[in-house]
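Below you'll find the structure, written out as structure tokens, and then a few comments.
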Amino acid sequence: MVPPKVLVVAGGRGPEHEVSLSSAEGVLRFMPFPTELAVIAKDGRWLLGERALEALAAKAAPSGDHPFPPPLDWEAYGVVFPLVHGRYGEDGTLQGFLELLGKPYVGAGVAASALSMDKDLSKRVLAQAGIPVVPWVALYRGETPLVPFEPPFFVKPANTGSSIGISRVERYADLEGALEEAFRHDEKAVVEKALPGVRELEVGVLGNLRGEASPVGEVRYQAPFYDYETKYTPGRAELLIPAPLDPGTEETVQETALKAYRLLGLKGMARVDFFLSEGELYLNEVNTIPGFTPTSMFPRLFAAKGLSFPGLLRRLVELALESLA
């Protein structure tokens, strides 16, 4: 078989632009196939070739050279690897364009990406299937917040990742300010009950619909919650792999992750995040484009299973090609 040429697409218009470039750096370093990079600048224009690599080295691309669609020879690429975290990349937007082109790509399809990205809609689907989720309410900009549980709670934009726009609220008096922050990033917000004594668990899934689960990892930190700085600043968080869990709990986490993966119609990969509170397990969220940065949990989880970084990337490309067959 002729090795497929892979096009990595990174950056994006959203607030996770820099994180995306950091993920792309890791993927480019370890990808076992010929690879090229395209960067979407913060203004939505594209950078190609050497200009894309310059943006990667600079860790940011404020503006680009080419309007959408970029002048690429799409036939030259066997697989596209979307690494645009958050809005306009993880929400089905980029995937829809690739579907129109008929190009195989790594990760979830259009509908599954959009559903998983929306914290409100994904919770509704998971809860209906009997998967425990944290109690929540959703509201749009301009609606009166009616929260049926007492603080503390978390206020989040419905469609962001990397803890962008999230606030912990200890008093009702602070709710309005937290909602204003969430609405800076999205027109819909979710208010989630803050659970007591939470342990944060994460598990990777690899495969098309019926995936395989990694060992379970645990994230520990000193910050009030797992915010952006804690996630991406080396040394701010401790990643424990495997998580110190009894075998029954670990098996439940893995089985629940696989059930959610199939239920949401996912392909390629996902990182499924859980809360363990007072002996009860809750699915927090599903990330369809997990990080590949130096501090990211996803590649470490599969490394603990014996799958190297290059081996993981090889498998993801193979899954993209299988999905097209």
Side-chain angles (χ1 to χ4, degrees), residues 11-20 40-44 62 68 84-97 108 110-129 131-195 198 223-231 260 263-264 273 275 282-289:
R13 293 162 51 196
E16 295 171 79
H17 177 92
E18 289 80 7
V19 177
S20 171
I40 304 173
K42 290 185 177 182
D43 66 355
F68 180 85
V84 180
H85 299 305
R87 297 290 291 270
Y88 314 116
E90 201 166 353
D91 59 359
T93 306
L94 181 56
Q95 290 77 5
F97 171 61
V110 177
S113 295
L115 179 59
S116 300
M117 183 75 185
D118 190 309
K119 296 177 177 66
D120 172 43
L121 297 182
S122 57
K123 284 178 182 290
R124 292 177 189 272
V125 171
L126 295 169
Q128 187 178 39
I131 294 177
V133 297
V134 179
W136 89 101
V137 293
L139 63 153
Y140 289 91
R141 189 191 308 274
E143 294 182 339
T144 301
L146 299 174
V147 182
F149 39 81
E150 296 294 318
F153 36 71
F154 287 97
V155 178
K156 307 177 178 181
N159 288 279
T160 63
S162 296
S163 300
I164 301 288
I166 296 180
S167 303
R168 180 181 170 97
V169 175
E170 302 289 345
R171 307 174 303 154
Y172 276 115
D174 298 325
L175 177 58
E176 183 176 350
L179 286 171
E180 287 179 3
E181 173 61 20
F183 287 135
R184 287 182 56 238
H185 304 279
D186 196 0
E187 65 178 2
K188 181 166 67 168
V190 294
V191 182
E192 295 180 353
K193 182 178 178 62
L195 302 173
V198 163
F225 65 97
Y226 198 28
D227 58 14
Y228 184 94
E229 288 75 20
T230 303
K231 284 184 176 180
L263 182 69
L264 296 171
D273 300 348
F275 293 145
Y282 302 84
L283 197 154
N284 177 32
E285 62 183 22
V286 177
N287 297 271
T288 57
I289 304 182

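Sequential numbering from 1 along the given sequence is applied to the chain's residues.
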Evaluate the side chain to side chain contact (heavy atoms under 4.5 Å, CB included) criterion for residues N159 and E90: first the C-alpha distance (whole Å), next the side-chain angles of each, then the deciding distance (0.1 Å), finally the verdict. CA-CA 9 Å; N159 288 279; E90 201 166 353; over 6 Å; no

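The two atoms that bring L126 and A260 nearest to each other are CD2-CB, 3.7 Å, heavy atoms only. The minimum heavy-atom distance between I40 and H17, with the atom names listed, is O-CE1, 3.3 Å. Taking both residues in full, the closest heavy atoms of V19 and H85 are given as CG1-CD2, 3.8 Å, listed atom of the first, atom of the second, then distance. Listed here is the closest heavy atom pair of H185 and T160: CB-CG2, 3.8 Å. Of all non-hydrogen atoms in G165 and P157, the two that sit nearest each other are O-CD, 3.4 Å. When every heavy atom of D43 is checked against every heavy atom of R13, the shortest pair comes out as C-CG, 4.5 Å.
Every residue two or more places apart in sequence or in another chain that forms a salt bridge (Lys or Arg N to Asp or Glu O under 4.0 Å) with E170 is listed here: R168.
We find the CZ-CH2 distance between R124 and W136 to be 5.5 Å, quoted to the nearest 0.5 Å. The distance from atom CG of L263 to atom CG of L283, rounded to the nearest 0.5 Å, is 10.0 Å. One distance of note links CZ of R87 with OG1 of T93; it measures 7.5 Å at 0.5 Å rounding.
Ion pair E192/K119 not flagged as a salt bridge, since none of the NZ, NE, NH1 or NH2 atoms sits closer than 4.0 Å to an Asp/Glu carboxylate oxygen.
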If you look only at distance, which donor and acceptor atoms sit under 3.5 Å apart when one is on a side chain in residues 110-118 and the other is two or more places apart or in another chain?
{"unit_1": "S113", "atom_1": "OG", "unit_2": "A108", "atom_2": "O", "d": "3.3"}
{"unit_1": "S113", "atom_1": "OG", "unit_2": "G109", "atom_2": "O", "d": "2.6"}
{"unit_1": "S116", "atom_1": "OG", "unit_2": "A112", "atom_2": "O", "d": "2.9"}
{"unit_1": "D118", "atom_1": "OD1", "unit_2": "D120", "atom_2": "N", "d": "2.9"}
{"unit_1": "D118", "atom_1": "OD1", "unit_2": "L121", "atom_2": "N", "d": "3.0"}
{"unit_1": "D118", "atom_1": "OD1", "unit_2": "K188", "atom_2": "NZ", "d": "3.2"}
{"unit_1": "D118", "atom_1": "OD2", "unit_2": "K188", "atom_2": "NZ", "d": "3.1"}

Less than 3.5 Å apart, which donor and acceptor atoms pair up between the side chains of residues 139-155 and the rest of the protein, not counting sequence neighbours?
{"unit_1": "R141", "atom_1": "NH1", "unit_2": "F183", "atom_2": "O", "d": "3.4"}
{"unit_1": "R141", "atom_1": "NH2", "unit_2": "F183", "atom_2": "O", "d": "2.6"}
{"unit_1": "E143", "atom_1": "OE1", "unit_2": "Y140", "atom_2": "N", "d": "2.9"}

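Checked by atom type and distance alone, the side chain of E180 never pairs as donor or acceptor with a backbone atom of G177 at under 3.5 Å.
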